[in-house]
2 protein chains.
Amino acid sequence: MSSKSGADSSRRTRRGVTSVDVAAVAGVSQATVGRVFSSPEKVSPATRDKVQDAAARLGYVPNVIARSLKSQRTNIIGAVVPAFGEYWQSVLTEFSRQLATKDRQLLLFSFAEPGDVDGVLASVAQYRLDGLVLASATIGQDQLIQMRESDRPVVAFNHPAATGIVPSVSVDNEAGMARLAMHLIDTGAREILYVGGVSSASTDQTRYRGASRTLGEHGVACTYLEAGAFTYEAGYKVAQHIVERQSVPDAVMVSSDEVAFGVHDGLRAAGVQVPADLLLTGFDGLSQSAWAGFDLTTLVQATDVLVARAIEILLADDRPPESDPVSVVVSGTIRYGKTTAKRHD
Amino acid sequence: MSSKSGADSSRRTRRGVTSVDVAAVAGVSQATVGRVFSSPEKVSPATRDKVQDAAARLGYVPNVIARSLKSQRTNIIGAVVPAFGEYWQSVLTEFSRQLATKDRQLLLFSFAEPGDVDGVLASVAQYRLDGLVLASATIGQDQLIQMRESDRPVVAFNHPAATGIVPSVSVDNEAGMARLAMHLIDTGAREILYVGGVSSASTDQTRYRGASRTLGEHGVACTYLEAGAFTYEAGYKVAQHIVERQSVPDAVMVSSDEVAFGVHDGLRAAGVQVPADLLLTGFDGLSQSAWAGFDLTTLVQATDVLVARAIEILLADDRPPESDPVSVVVSGTIRYGKTTAKRHD
DNA sequence: ATGTTCAATGACTACGTAAGCATTGAATCC
DNA sequence: GGATTCAATGCTTACGTAGTCATTGAACAT
């Protein structure tokens, strides 16, 4: 309010008010100032007030960097996440949200190409983070093994291939897709096309397994087609291939909602009606899947639960033996939309 | 590959290999090890190899925390961002992506309620970040003034009300909305309804001003209606109010794409055809606006440019005088979708 | 041969905090 | 009243690095 609250006691403009400065003003030792901010109950009310007063006057803010160096904990969780994709964005914000309630922050390490992961992991190692989330289904085995060697808690998020290597949290990809397949069978589908995103992603493989196994058991044909990316555009383009096929299937199962949206719109653009001509399912349960324009049948991941479990693992006091990492699987819920509404044959 | 590369030279298991340890093994001083990692050109090739060899053998990783404490720079940029909203998610990932190319990381501070901002800013202050992005149009004046006092670079992202207080980067909200308004006038609209998100958001106000001024100048009626949130659901619900009004407008201008999507679907659910019965525009240029289901006419923000400019400001060597903060305004591009396709009256 | 220069390296210290240990003094006990 | 106890506080050090300054010795000029 007044003009530039500088020139307090010494000539330090404003940069770097330390606990030592506060101690000097309050007439106590640096140790006592530190105690006021970390374990106030150990300080008598009188001095506590004195210190807090002085701190407020000087505009003292504890330096987390120094604290981290000394205490060996940063209160920061790192997240290695693909730079693109609706799904990962939603996971990310959920992490940030939940961590904020636990006074932890999220440090983002995004990568555009799977090949960039190595560099990112090297960069991650320099920060002594309290924990690390590996949120990508394309991180390789060797990289996972390398991370297991780390002395910091790590958790793989929705990366089935990481199970058994590092602690993991996943939705039940296989069972979820199997249930969607059952639903299609019940609805009368007899020839199904499965559209994957990127076949090297472990989620893609696991989900496809869930579909093909169930469909096979019920004598329903199932062909795999790769969109090439987990994007709307990839789905839109692959829709062309679908309509140009010899035999048009009864239903299309897509391994992710975002791709499914593209398939949906691409099919419509090609004159194929969903669900009249073709049933369609997605996976993930993105918020957009409930939008009226899509109303997509999909498997809804309880992202909040998944994230909560992942955080539990990271912040757990007792480190589980690295020989047998925990693996949490959360089952999803099917959302029945109009893209699989029963046909009137 | 071998069994647990521990028991190297001393009994230190794996935690905390320091430059001192490396120095001991390499037979040089700690200072030289430091030089190898920060300014290698100052070290002779021979010693450099020795050190790098020892470092690799011990698995030495520089400690960024300690480095930050000493050098007073963290290489981390903080971002204060709302926890919800497609737009902010896209901005966030863009920041992360671009910062990664400059060897900077993004530390996320998300908040769910505008009231949480104070707490978040207090938390932010503890980290001695190299810069801070304030990405929210609901941060108050007093909080902005408080941030200006900070000794660290700050930039407000798309927060018109911050202009003149702290350095800012924004899309040209007013002109953009004005151009959309002109487009509607050209298309024949004579009565327009403006749907805002949250009227206290400075973007909302500025955008509305752009619309109402232009419409007023051309004698076109314009009413403001508040959706109450920048969400699909809010838009969907407000669509009911629109159809229930005495006089149904020719066009609806929505202050954000995400809300516009909801309005779009809500109108359709109510039996109103877009664009046959009603024209519709959005703002932001989210990727979904181009999706076939919407094909929304909207103002596309060059998010990559905006983010690039923001980063420039944060990482600039010379700090501009705090009395006259820079203000960058980037103009947007109109994307003409079918929601304003000319009607055949 | 001696002085000069400069690259290469080492010794030392500060960054701001927290934790262990030492010290003080008042309250309590017998 | 003297010994005991314990809360409150101070003193000291370590966390791991980078920058400052000092030192060394080889290459070069005169």
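The figures here come from the full heavy-atom set of this structure, side chains too, leaving out hydrogens, waters and symmetry mates.
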Participant: Look at the side chain of Arg35(B) and the base of dG10(C), then say whether one donor and one acceptor between them are separated by less than 3.5 Å.
Facilitator: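 Such a pair exists between side chain and base.
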Participant: Let me spell it out: for each of Tyr60(B) and Ala31(A), pick the nucleotide of DNA chain D with the closest heavy atom. Which residue's pick is nearer the 5' end?
Facilitator: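 In this pair, the answer is Ala31(A).
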Participant: Evaluate the side-chain proximity of Val17(A) to Val61(A): yes if any heavy-atom separation is below 4.5 Å, no if none is.
Facilitator: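 They are not in side-chain contact.
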Participant: Should Asp304(A) and Glu94(A) count as side-chain neighbours, where that means a heavy-atom distance under 4.5 Å?
Facilitator: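 Yes, close enough: below the 4.5 Å cut-off.
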Participant: Mind checking which nucleotides bracket the chain A contacts on DNA chain D, 5' to 3', with an atom under 4.0 Å from a heavy atom?
Facilitator: dA8(D) to dG16(D)
Participant: For Arg67(A) and for Ala66(B), find the nucleotide of DNA chain C with the closest heavy atom, then tell me which residue's nucleotide is more 5'.
Facilitator: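 The residue closer to the strand's 5' end, by nearest nucleotide, is Ala66(B).
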Participant: Got a sec: does the CZ of Arg128(B) have more than 12 other heavy atoms crowding it under 6.0 Å?
Facilitator: yes
Participant: Run the numbers on Arg152(A) and Leu132(A) for side-chain contact (heavy atoms from CB on, under 4.5 Å), then give the verdict.
Facilitator: CA-CA 8 Å; Arg152(A) 304 284 154 151; Leu132(A) 185 64; over 6 Å; no
Participant: Do the side chains of Trp88(A) and Thr93(B) get nearer than 4.5 Å, heavy atoms only?
Facilitator: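 Not in contact.
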Participant: Please examine the side chains of Val91(A) and Thr303(A), heavy atoms only from C-beta on, and report whether any two atoms are closer than 4.5 Å.
Facilitator: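 Answer yes - side chains close enough.
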Participant: Answer with base, sugar-phosphate or nothing: what part of the nucleic acid does Val28(A) contact at a heavy-atom distance below 4.0 Å?
Facilitator: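 Sugar-phosphate contact only - Val28(A) comes under 4.0 Å of backbone atoms but never of a base.
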Participant: Would you tell me whether Ser29(A) and Thr32(A) have side-chain atoms, one donor and one acceptor, within less than 3.5 Å of each other?
Facilitator: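 Yes, Thr32(A) and Ser29(A) have a side-chain donor paired with an acceptor closer than 3.5 Å.
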Participant: Do you know which two heavy atoms are closest between Arg35(A) and Lys42(A), and how far apart they sit?
Facilitator: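 In this case the closest contact between Arg35(A) and Lys42(A) is CD-CB, 4.3 Å.
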Participant: Could you state the NZ-P distance from Lys70(B) to dC15(C), rounded to the nearest angstrom?
Facilitator: 7 Å
Participant: Tell me which residues in residues 37-48 of chain A lie within less than 4.0 Å of DNA chain C, going by non-hydrogen atoms.
Facilitator: none
Participant: May I have the distance from Leu69(B) (atom CG) to dA18(C) (atom C1'), rounded to whole angstrom?
Facilitator: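 Atom CG in Leu69(B) sits about 13 Å away from atom C1' in dA18(C).
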Participant: For a quick test of reading the model: is some side-chain N or O of Ser71(A) closer than 4.0 Å to OP1 or OP2 of dA18(C)?
Facilitator: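 So the side chain of Ser71(A) is outside the cut-off, no N or O lying under 4.0 Å from OP1 or OP2 of dA18(C).
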